[in-house]
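A short worksheet on the structure shown next.
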There are 2 protein chains.
Amino acid sequence: MALKFSKQREAIRKTLEGRTDHPTADMIYAEMRKEFPRISLGTVYRNLILLSDLGEIQRLKVGDGVDHFDPNTDEHYHLICEKCGAVSDIMLHLDLDSLAQEQSDGIIHGHKAYFYGLCKKCAEKAD
Amino acid sequence: MALKFSKQREAIRKTLEGRTDHPTADMIYAEMRKEFPRISLGTVYRNLILLSDLGEIQRLKVGDGVDHFDPNTDEHYHLICEKCGAVSDIMLHLDLDSLAQEQSDGIIHGHKAYFYGLCKKCAEKAD
DNA sequence: ATGACTGCAAAAGATTTGCATGTAG
DNA sequence: CTACATGCAAATCTTTTGCAGTCAT
């Protein structure tokens, strides 16, 4: 199935570009509707899934019941704020593969991992 | 709201006891039905949620679209097998709190984190 | 032309909830 | 008695899918 150009897909790609706020499909849908009032949520999902299958974006299942999307495909981890639900990037220098093999509990790979705690903002408020 | 005894809840607690296979609500429901043919999925969910609110079990959102439950409330991490979907316990000696603060990206706490890779079984098969 | 893409609406799957009834204290 | 718990079914919510029409190549 040879990929064909679609302005909807390009717009989705562009909306996501450079963002670090990890929007959900619904947020992207809302933004798309400004430019394409008739776009459907199904199209948004289909394109997000397609782009993540192509490896151009990441689809994150952070456990809040909604998928988040990340244009950054570099190795990095995610922190989910237990207070406000924000998903933020964290850079950890972990050699997880060796750590896990040490334990012989299995093999961690792909540098995909979710951590939970407080995001920068909520940690500062400290209430 | 003072907690009252319920044989269904006790049975659910008991079914979960000592297990390390992280069953889903549906699996627990299926097992409960052997003993209580008329139990409802709603009751299973309500009790699992209640028990996790009480801190007696853990409710895991591993990202496969289904919640898993873990009677082990000790500090430990989970590895989700990207091949077979199995959720297994992994013991890592990580000082995540300091690691995250080092980066000042936020504060990781609670020792709750999900890692992805291959479980012991799938790693051995190595195909 | 042909096959990919779209909008729309319906379907699917997991979890939650309302309500009438049952039961522990 | 009276609240909490249950079974049942309906509602919710997110994501997926079927289909007929549209558009890129």
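Here is how names work: the chains are called A, B, and so on, in the same order as the sequence lines, proteins then strands, and each is numbered from 1.
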Have a look at B:D26 and say if it touches a base, only the backbone sugar-phosphate, or nothing, with a 4.0 Å heavy-atom cut-off. nothing
Scan A:R46 against the nucleic acid and name what it touches under 4.0 Å (heavy atoms): base, sugar-phosphate only, or nothing. base
Should the pair A:H76 and A:H22 be assigned to parallel (<30°), tilted (30 to 60°) or perpendicular (>60°) ring geometry? tilted
Is B:S6 near enough to D:dT6 that one of its side-chain N or O atoms lies under 4.0 angstrom from OP1 or OP2? yes
If only side-chain N and O atoms of B:Q8 are considered, is one of them under 4.0 Å from the OP1 or OP2 phosphate oxygen of D:dG7? yes
Once you round it to whole Å, what is the distance between P of D:dG7 and CD of B:E35? 12 Å
Of the listed nucleotides (C:dA24, D:dA5, C:dA14), which one gets closest to any side-chain atom of B:F5? C:dA24
Any A:S40 side-chain nitrogen or oxygen under 4.0 Å from OP1 or OP2 of C:dC8: no
Distance, nearest 0.5 Å, that separates CG of A:L60 from CD1 of A:I80: 8.0 Å
Side-chain heavy atoms of B:Y77 within contact of B:D89, under 4.5 Å: no
Nearest heavy atoms of B:Y29 and B:S40, plus distance in Å: CE1-C, 3.7 Å
Reading DNA chain C from 5' onward, which residue's closest nucleotide shows up sooner: B:G42 or B:K7? B:G42
In whole angstrom, what separates B:I39's CD1 from D:dA5's P? 14 Å
What's the NZ-P distance between A:K61 and D:dT14, to the nearest Å? 13 Å
Quick check on D:dT6: is either OP1 or OP2 less than 4.0 Å from any side-chain nitrogen or oxygen of B:R38? no
Please give, in whole Å, the distance from C:dT6 C1' to A:Y29 OH? 13 Å
Nearest whole Å is fine: how far is C:dA14 C1' from B:M27 CE? 14 Å
Contact class for A:L41 vs. all strands (heavy atom < 4.0 Å): base, sugar-phosphate, or nothing? base
Suppose we call a contact any N or O donor and acceptor under 3.5 Å apart; does that hold for the side chain of A:K4 and the base of C:dA4? no
Roughly how many Å is it from CG in A:D64 to P in C:dA14, rounded to a whole number? 18 Å
Rounding to a whole Å, what distance do you find between A:F36:CZ and C:dC8:C1'? 18 Å
In whole Å, what is the span from the CG atom of B:D67 to the P atom of C:dT16? 7 Å
Of A:A2 and B:G65, whose closest DNA chain C nucleotide lies nearer the 5' terminus? A:A2
Select base, sugar-phosphate, or nothing to describe what B:L3 touches, counting heavy atoms under 4.0 Å on all strands. sugar-phosphate
In the structure I gave you, are the side-chain heavy atoms of A:L54 and A:L3 within less than 4.5 Å of one another anywhere? yes
